[in-house]
Amino acid sequence: MDWRWDFTFETVIPRILPGLWVTVEVTVLSFFLALFLGLFLMLAKRSKISFLAFLAAEFIEFMRGMPLVVVIFFLFFVLPMAGIYLPPIWTGVLAMGVYNSAPAAEILRGGLQAVPKGQWEAAYVLNYPPHQAFRRIILPQAVGPVIPGLGNLLILAFKETPLLSFVAIPEMLDTAKRIASETYRFTEPLTVVGVLFLILSLVSAVFIKIVERHMIPEMRHGR
Amino acid sequence: MTPRPTAMLIPIAFLGGLYFAVFSNVASFLPALLNGLTVTIQVAIPSAILAYAISVAAGLGRLSRNAAVRLMSGAYVEIFRGVSLLVILFWLFFVLPEFGLTLSPYVAALLGISLNAGAYGAEIIRGAVQAVPRGQYEACVTLNMPGWRKYSRIILPQALIIAVPALTNMTIELLKGTALVSAVTLVDVTAAGVRQNQLTYRTIEIFSVLALIYFCLSQVVRFAGALLETGFNRHLRTGRS
C-alpha cells in the first residue's frame, strides 16, 4: 500500500471540496422539497376523502419499498421523454425530494398524532375556529416530537446523495470516481470521500442533538 | 385504525399487467430482468442473515462490561452508519486491494451491505435488550444462571420480540440497498433494467416493472415480519389456551 499525501492534498481535496458543496446543496434542497411534499401527503392521508387517503397511503407504502436508484433513473429517463428538460442537479433534487417525502409524511403524521386529542377538544370548547386551533394550539405542540425524526431524515438524505453519481451529478463520489479514472489511483479519493462523510454525519448528528435540546421545551428543562 | 385497502391494488396490478403483456413487448426485456432478480435475491438473503448475526454481536457488544469491546462495537456502528453504503461498496472493492485484500464482486457486495445494515441493526438490538425489564436480569441472578444462558434463554428471546418490527424495516432497507451492487460490477435487477433501457428504450415499462418487483419483494419481507410477530406474541393472545 502506498498512500501519497502530496497527491491527497494537492489534487484530491481541492477537487472534492466543490463536490462537497454540491452534496450539501442537493441534500438541503431535496430535504425542503421532501418536507413540503410530505406535508401534503400527510394531510392527504389524514383527509376525510377516502380515495385521497387511500392514494396517499399507497404512495407512501410504494415509495418506502422502492430503492432511490430506481427513482433517480426513472426521472432521469422519463422527464426528457415527457418533454421536460431540467439540469441534472434539479432532477437529482426532485428524485430525492419525492423519495424522501414518504418518510417525511410518516414523521409529520407521528408528530400530529402525538398531540393529545384533548387539545383539539379544549380548542373546540374555547370556541377556536378549526384553522386557528390547528395553527395556534396543535402545530406548536407537534413540532417538538417531529424534530428528532426529521433530523435523522436529513442525515439519511445526506448519505443518499452518492447515489446521484450514477447519473453523473458532480457530487463528492462522482468527483472521486473521476479523479480515480484520470489518475488510476482509487485509494486516496475514495478514502477521502469516506472520511468526509463520516465526519460530516457525526458533526450533523451532534448539531441535531443541540437543536433538539433547544427546540423541545420538555428536554430544555431537563426532564 | 382501519387496515390498508391493499386489495384494490390487485385489480390495478392485473389490468396493468394485461396492458403490458399486450402492448409493450415484454418479452424483449423481461428475461434479462429476471436474471437480474436472481442476483438481487442471491445477494439479499445471505447478506440479511449475515446482517442479523452482526447486529446481535455488535448490539450486545455495545452493552458489554468490557470497555474495549464496547469501544470497538461503538466505533463500528458509528463508522458504518456514518458513511453511505455506496461509498463503502466502492471502498471495499477498489481500495481494499491496495491493502492486499482482493474481494470478488459478490463478496464485496455481501460484506458491504451486511456491514452497513448490521450497524443499524446493532442499535435496534441494543435498544431492544435495554427494553427488557430489569426484573428479568435480577431473576436470572437469583436463579444462579450462568451469563451465556441468561442471554440465550431469557434476555435475547424477549429482546427479539421487541426488535422484530424494527428489524423488518431494516431488512427492507437492506433490500433497497442491494440496488447499489452495480457499483461493484454485479448485474442485479436494477442494473439489468438500466442496461435493457439502453437497448430497447422501453423506459416507462421497464422502470414500472422494476418498481413493481421491489414493491413485491418488500411486501414479502413485511408479510414475513408480521407473521413472525404474531408467532412470537402467541403467548400474549387471550381466548386460546
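- Electrostatic pairing of Glu61(A) and Arg64(A) does not count as a salt bridge here, judged by no charged N lying under 4.0 Å from a carboxylate O.
- Counting non-hydrogen atoms of neighbouring residues, nucleotides and ligands closer than 6.0 angstrom, the CH2 atom of Trp90(A) reaches no more than 12 such neighbours.
- For Phe93(B), no part lies near chain A; criterion is any non-hydrogen pair under 4.5 Å.
- Here the straight-line distance linking atom OH of Tyr120(B) with atom CG of Leu115(B) works out to 13.0 Å at 0.5 Å rounding.
- Between Glu182(A) and Arg15(A) a salt bridge is recorded (basic side-chain N to carboxylate O distance below 4.0 Å).
- Using a 4.5 Å cut-off between heavy atoms, Ile155(A) does not touch chain B at all.
- There is no side-chain donor-acceptor pair under 3.5 Å between Ser30(A) and Tyr99(A).
- By the neighbour-count criterion of 12 heavy atoms within 6.0 Å, atom CG of Leu101(B) is densely surrounded, having more than that number from other residues, nucleotides or ligands.
- With a 4.5 Å cut-off on non-hydrogen atoms, Leu198(A) touches chain B through its backbone and its side chain both.
- Across Phe207(B), Tyr201(B), Phe80(B), the residue that shares the most heavy-atom pairs under 4.5 angstrom with chain A is Phe207(B).
- Figure legend: Arg202(B) and Phe29(B) shown without cation-pi pairing, the cationic atom not lying both under 6.0 angstrom from the six-membered ring centre and within 45 degrees of its axis.
- Chain B forms more heavy-atom pairs under 4.5 Å with one residue of Ser204(A), Ala53(A), Gly194(A) than with any other, namely Gly194(A).
- For the set Leu86(B), Leu180(B), Ile172(B), the entry with the most heavy-atom pairs within less than 4.5 Å of chain A is Leu86(B).
- Your options are Phe62(A), Phe197(A), Phe158(A), and the one with the most heavy-atom pairs under 4.5 Å with chain B is Phe62(A).
- The part of Val194(B) that comes within reach of chain A is its side chain, from C-beta onward, which places non-hydrogen atoms under 4.5 angstrom from that chain.
- Residues Ile169(A) and Thr91(A) form no side-chain contact, since every pair of their non-hydrogen atoms from C-beta on lies 4.5 Å or further apart.
- The structure places CG of Leu33(B) at 11.0 Å from OG1 of Thr38(B), a figure rounded to the nearest 0.5 Å.
- Interface residue Leu202(A): only side-chain heavy atoms are found under 4.5 Å from chain B.
- For residues 73-82 of chain A, heavy-atom neighbours of chain B at less than 4.5 Å comprise Phe73(A), Phe74(A), Phe77(A), Val78(A), Met81(A), sorted by residue number.
- Most heavy-atom pairs under 4.5 Å with chain B, from the set Lys159(A), Lys177(A), Met172(A): that is Lys159(A).
- Between Trp5(A) and Phe9(A), the ring planes lie parallel to each other; the angle is under 30°, not in the 30° to 60° tilted range.
- Only the side chain of Ser218(B) comes within contact range of chain A, judged by heavy atoms closer than 4.5 Å.
- Between chain A and the residues Val221(B), Val95(B), Asn169(B), Ile79(B), the most heavy-atom pairs under 4.5 angstrom are made by Val95(B).
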